[in-house]
Enquirer: 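There's a structure below that I have some questions on.
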Amino acid sequence: MFTVYGVFTVVFCAFLTAEAQTPSPAPAPCSIKSNTSCAECLQIVSCLWCIPTRQCLDYPVRTILPPRSVCPLNEARWGLCWINFQILIITMSVLAGVIIIAIFICCFCCCKCERIGNKRDDAKLARQAGARNSRQKARRVEMQLRHDEIRQKYGLAKDNPYSRMDNK
């Protein structure tokens, strides 16, 4: 009886042998496109076109940017013929700077707005507390008036609240 792992192993081994049997095409060397046009050279993704020498070179992948000995930076083309490496680097740097500044501004605004929101909440809570205190004072005065009316009705009212209660 087959298990799931056994079936998976058989399918995986069959896939690996099928992969091993399919030969991958060898990349075309860029040097055969030299002394042609920029568009023909850049059809191969790994190629770099140098305008002054009209050479199609393998892109130096070990360095991020092609060294000046290979081709001057402002004369090198990669990907598209109209994209200048120097302008591309400057544009990407400016865009990265703008994005970083925008992130800092967003963070600053969020922190500032949060603090303003807390001040607003604090002011709102203070207003609500003041309103509660004034309602409580009004209720206390109203209650005191009712108690005084009841005392007066039953003859318990004192003319001087500070005098001692005398038994009569």
Enquirer: Checking R68 now: which residues fulfil side chain to side chain contact (heavy atoms under 4.5 Å, CB included) with it, not counting sequence neighbours?
Expert: P72

Enquirer: Side chain to side chain contact (heavy atoms under 4.5 Å, CB included) with S134: which residues, sequence neighbours excluded?
Expert: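 Counting only residues at least two positions away or on another chain, S134 forms no side chain to side chain contact (heavy atoms under 4.5 Å, CB included).
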
Enquirer: For K124, give me all partners under side chain to side chain contact (heavy atoms under 4.5 Å, CB included), at least two apart in sequence or on another chain.
Expert: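 Scan of K124 (side chain to side chain contact (heavy atoms under 4.5 Å, CB included), adjacent residues dropped) gives R127, Q128.
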
Enquirer: Please give the remaining members of the hydrophobic cluster of V141, linking ILVMFWY side chains under 4.5 Å, ordered by chain and number.
Expert: L145

Enquirer: Can you tell me how far apart NE2 (H147) and CZ (R151) are? Round to the nearest 0.5 Å.
Expert: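 With rounding to 0.5 Å, NE2 (H147) is 7.0 Å from CZ (R151).
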
Enquirer: Quick one: side chain to side chain contact (heavy atoms under 4.5 Å, CB included) partners of E142, sequence neighbours excluded?
Expert: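 Checked E142 against side chain to side chain contact (heavy atoms under 4.5 Å, CB included); matches are R146.
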
Enquirer: Could you note down all residue pairs passing ring-ring contact (aromatic ring centres under 6.0 Å, His included) where residues 61-80 supplies at least one of them, sequence neighbours left out?
Expert: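 Passing the test, one end in residues 61-80: Y59-W78.
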
Enquirer: Tell me whether I101 is reachable from M92 by hopping between hydrophobic residues (I, L, V, M, F, W, Y) whose side-chain heavy atoms are closer than 4.5 Å.
Expert: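 M92 and I101: separate clusters.
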
Enquirer: Check C47 against C41 and note the closest heavy-atom contact, atom names and distance.
Expert: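 That would be CB-O, 3.5 Å.
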
Enquirer: Would you say CD1 of I64 has more than 12 non-hydrogen atoms from neighbouring residues, nucleotides or ligands within 6.0 angstrom?
Expert: no

Enquirer: Name the atoms and distances for all side-chain donor-acceptor pairs under 3.5 Å in residues 79-89, with sequence neighbours left out.
Expert:
from : atom 1 : to  : atom 2 : distance (Å)
N84  : OD1    : Q86 : N      : 3.0
N84  : ND2    : N74 : O      : 3.4

Enquirer: Within this structure, what is the CD-OG1 distance for the pair E75 and T53, rounded to the nearest 0.5 Å?
Expert: 9.5 Å

Enquirer: With hydrophobic residues grouped by side-chain heavy-atom distances under 4.5 Å, do L65 and I90 end up in a single group?
Expert: no

Enquirer: Verify, without hydrogens or angle tests, whether S37 (side chain) and E40 (backbone) share a donor-acceptor contact under 3.5 angstrom.
Expert: yes

Enquirer: Quick one: CG on L42 to SG on C56, what's the gap to the nearest 0.5 Å?
Expert: 6.5 Å

Enquirer: When rounded to the nearest 0.5 angstrom, what distance separates OG1 in T36 from CZ in R54?
Expert: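 Taking OG1 in T36 and CZ in R54, the distance rounds to 7.5 Å.
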
Enquirer: Would L48 end up clustered with L73 when hydrophobic side chains under 4.5 Å apart are linked, directly or stepwise?
Expert: yes

Enquirer: Tell me whether V98 shares a hydrophobic cluster with I105, the cluster being built from Ile, Leu, Val, Met, Phe, Trp, Tyr side chains joined at under 4.5 Å.
Expert: no

Enquirer: So R140 and M143, do their side chains get closer than 4.5 Å, heavy atoms only?
Expert: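 A side-chain contact under 4.5 Å is absent here.
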
Enquirer: Please confirm whether the backbone N or O of C50 pairs with a side-chain atom of R77, one donor and one acceptor, at under 3.5 Å?
Expert: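 Checking the backbone N and O of C50 against the side chain of R77, no donor-acceptor pair under 3.5 Å is found.
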
Enquirer: To which residues is I103 joined in a hydrophobic cluster, defined by side-chain heavy-atom contacts under 4.5 Å among Ile, Leu, Val, Met, Phe, Trp and Tyr, whether direct or through other members?
Expert: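 Same cluster as I103: I99.
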
Enquirer: Can you tell if the side chain of W49 reaches within under 4.5 Å of the side chain of K33, non-hydrogen atoms only?
Expert: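 No; the side chains remain at least 4.5 Å from each other.
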
Enquirer: Between atom SG of C30 and atom CG of D58, what is the distance when rounded to the nearest 0.5 Å?
Expert: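 If I round to the nearest 0.5 Å, the distance is 4.0 Å.
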
Enquirer: Output the rest of the hydrophobic cluster of V45: all Ile, Leu, Val, Met, Phe, Trp and Tyr residues reachable through side-chain heavy-atom contacts under 4.5 Å, sorted by chain and number.
Expert: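 Via sub-4.5 Å side-chain contacts, V45 links to none.
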
